[in-house]
A.B. asks: 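Just dropping this structure here.
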Amino acid sequence: MVVGGGPAGATAADDLARAGLSVAMLDRAGRIKPCGGAIPPRAIRDFAIPDHLLKAKITCADIVSPKGRRVPMPVENGFVGMVDRCEFDEWLRQRAAASGAQRLTGEAERLERDADGLAVIAYRSKAGAPARVRARFVILANGARSELARQAIPSQDHPRCVFAYHEIVKAPAPGAPGVTYEATRCDVIYDGRTSPDFYAWIFPHGETASIGTGSARKGFGLRPATAEVRRRMGLDAAETIRREGAPIPMKPLKRWDNGRDVVLAGDTAGVVAPASGEGIYYAMLGGRLAAEAVREALASGDARALATARQRFMKDHGKVFWILGIMQTFWYRNDWTREHFVKMCEDKDVQRLTWESYMNKELVRRDPLAHVKIFFKDMAHLLGLARA
Ligand SMILES: Cc1cc2nc3c(=O)[nH]c(=O)nc-3n(C[C@H](O)[C@H](O)[C@H](O)COP(=O)(O)OP(=O)(O)OC[C@H]3O[C@@H](n4cnc5c(N)ncnc54)[C@H](O)[C@@H]3O)c2cc1C
């Protein structure tokens, strides 16, 4: 049983169904996941995302400092794909169903146990009727702050979250007067006025664009900050199609399984990259690893196999998450550090290594000289020896 049909749940259900297992996927219908929709080529490759789902192909990111300095970071050798989550998530769910997963629509309410100890997901169907599914294994992939996850593994609390808010607006016509916008360019804005501890963004989605910001600071006005970004870009009068927000977890949970029959995936497991807020690729990978762990537990009859989902994920991505966490703590502190951070982005080595690790999700090991150079530049900026 998979609870949640977002990138994590739909990928897990698809993989399990393809492996010939009997799997049901429950998703509550009717809400589009608020999301910037940026995905790296690695996600497109590993999860066979068809080209028609890409609403835009981004070939440059402009990094903007508190003083308004713009540093273009052209994407070499490829592009960043932009998906529309309404269409993307539904396509993933349909793919899982076509592979043989049973689709259920409704809201999961509780994890229960039958008299024989088997897990039961109690849910309310779309029509409001109570229903239940018994399952040998349960993958919980129902997004951040999952109450079911807390029921399954009570020893841990939800991870710290950034709350992200965005507005989907009609994209301006090319060359519209007074508008600083390009259909193939993302803007990433580091400025305490638009986010005191994260960043604000403009991500093109073809006919629309996502403009938003995030912060973990209680009381910070995400709506006025988004209005400020729109004003600066000349997009204050653009037609607003949707306004929405959601929490982004900022730290992988210590445990993803209950040692018996439940394993967490995606935002439910807390796997969004710190500093960037990137979660779609990691959710899909988390779903895949959870499905793999369930298959191994079924084949061996040993529930300890469920722990491999987290072990494998952290082996490949734990280091990057750790580095990004430190980056966020240091560089997103105040406008002085943000100004230095943006200055550092002018460096061609920084640009190359950033893109290579984002696009392919591998720490670039060749070219150790570039790493050393960046380390010393980092230190110079941190200690205030370099001028922003
Ligand atoms: C504003 C914003 C912008 C973002 N921008 C980006 C970006 O540009 N790129 C990127 O990579 N990441 C981005 N992220 C993060 C990304 O959206 C998430 O990390 C990703 O969606 C996680 O996928 P998931 O499948 O784990 O969870 P979700 O996408 O949250 O999916 C959970 C699913 O579970 C269902 N569900 C929830 N509760 C229940 C229940 N009780 N019963 C049944 N079903 C349930 C929901 O309907 C949903 O379909 C952004 C996040 C936010 C909030």
Side-chain angles (χ1 to χ4, degrees), residues 1-13 24-40 42-43 55-56 58 61 80-86 88-90 92-93 103-111 121-126 131 133 139-149 151 161-168 186 188 198-205 209-215 222 226 242-250 252 264-273 276-288 290 358 361:
M1 174 74 179
V2 179
V3 180
T11 304
M25 174 184 65
L26 172 71
D27 193 75
R28 65 164 180 224
R31 186 172 183 244
I32 304 169
K33 168 77 186 189
C35 184
I39 57 170
R42 177 78 189 261
K55 300 286 130 194
I58 300 303
V80 176
M82 289 290 167
V83 295
D84 170 347
R85 290 293 300 270
C86 180
F88 181 70
D89 289 20
E90 181 53 24
L92 293 175
R93 289 189 283 267
R103 258 185 94 164
L104 302 171
T105 304
E107 172 125 17
E109 292 183 329
R110 286 176 313 281
L111 171 72
I121 293 294
Y123 73 99
R124 200 155 283 279
S125 75
K126 205 175 166 194
V133 176
I139 294 178
L140 292 177
N142 59 323
R145 295 176 171 271
S146 161
E147 280 311 313
L148 272 90
Q151 274 179 33
C161 284
V162 156
F163 199 86
Y165 167 84
H166 77 163
E167 295 177 0
I168 297 285
C186 283
V188 181
F198 200 60
Y199 65 84
W201 70 85
I202 299 179
F203 287 179
H205 288 176
S210 152
I211 307 179
T213 186
S215 175
L222 295 168
T226 303
R242 290 198 314 273
R243 293 187 163 87
E244 54 201 14
I248 305 182
M250 281 288 130
L264 317 182
D267 276 16
T268 306
V271 288
V272 175
S276 72
E278 185 197 355
I280 300 172
Y281 167 75
Y282 296 111
M284 296 179 91
L285 177 64
R288 174 153 290 171
Y358 171 76
K361 299 288 168 259

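Both ligands and their constituent atoms are indexed starting at 1 by order of listing. Treat the numbers as computed from the prediction; the structure is a model and nothing was measured.
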A.B. asks: Salt bridge check: are Glu278 and Lys361 linked by an N-O gap of less than 4.0 Å?
C.D. replies: yes
A.B. asks: Please state whether Val272 comes within less than 4.0 angstrom of ligand 1, counting heavy atoms only.
C.D. replies: yes
A.B. asks: Minimum distance, heavy atoms only, to atom 42 (N) of ligand 1: which one of Ala283, Ala108, Pro40 is it?
C.D. replies: Ala108
A.B. asks: Do Arg124 and Glu107 sit within salt-bridge range, that is, some charged N less than 4.0 Å from a carboxylate O?
C.D. replies: no
A.B. asks: Just to check, does Arg31 reach to within less than 4.0 Å of ligand 1 when the distance is taken from its heavy atoms?
C.D. replies: no
A.B. asks: Any idea which of Ala8, Pro34, Ala141 brings a heavy atom closest to atom 32 (C) of ligand 1?
C.D. replies: Ala141
A.B. asks: Show your reasoning for whether side-chain contact (heavy atoms from CB on, under 4.5 Å) applies to Arg85 and Ile280.
C.D. replies: CA-CA 10 Å; Arg85 290 293 300 270; Ile280 300 172; 3.8 Å; yes
A.B. asks: My understanding is that we take every heavy atom of each candidate and find the minimum distance to atom 3 (C) of ligand 1. Doing that for Ser276, Gly5, Gly36, Ala43, which one comes out nearest?
C.D. replies: Gly36
A.B. asks: Which is closest to atom 16 (C) of ligand 1 in terms of heavy atoms, Arg85, Arg28, Glu90, Glu278?
C.D. replies: Arg85
A.B. asks: Under 3.5 Å, is there a donor-acceptor pair between the side chain of Thr226 and the main chain of Leu222?
C.D. replies: yes
A.B. asks: Report the member of Asn142, Leu104, Ile32, Asp267 with the shortest heavy-atom distance to atom 37 (C) of ligand 1.
C.D. replies: Asn142
A.B. asks: Measure the distances from the heavy atoms of Gly106 to every atom of ligand 1 and state whether one is below 4.0 angstrom.
C.D. replies: yes
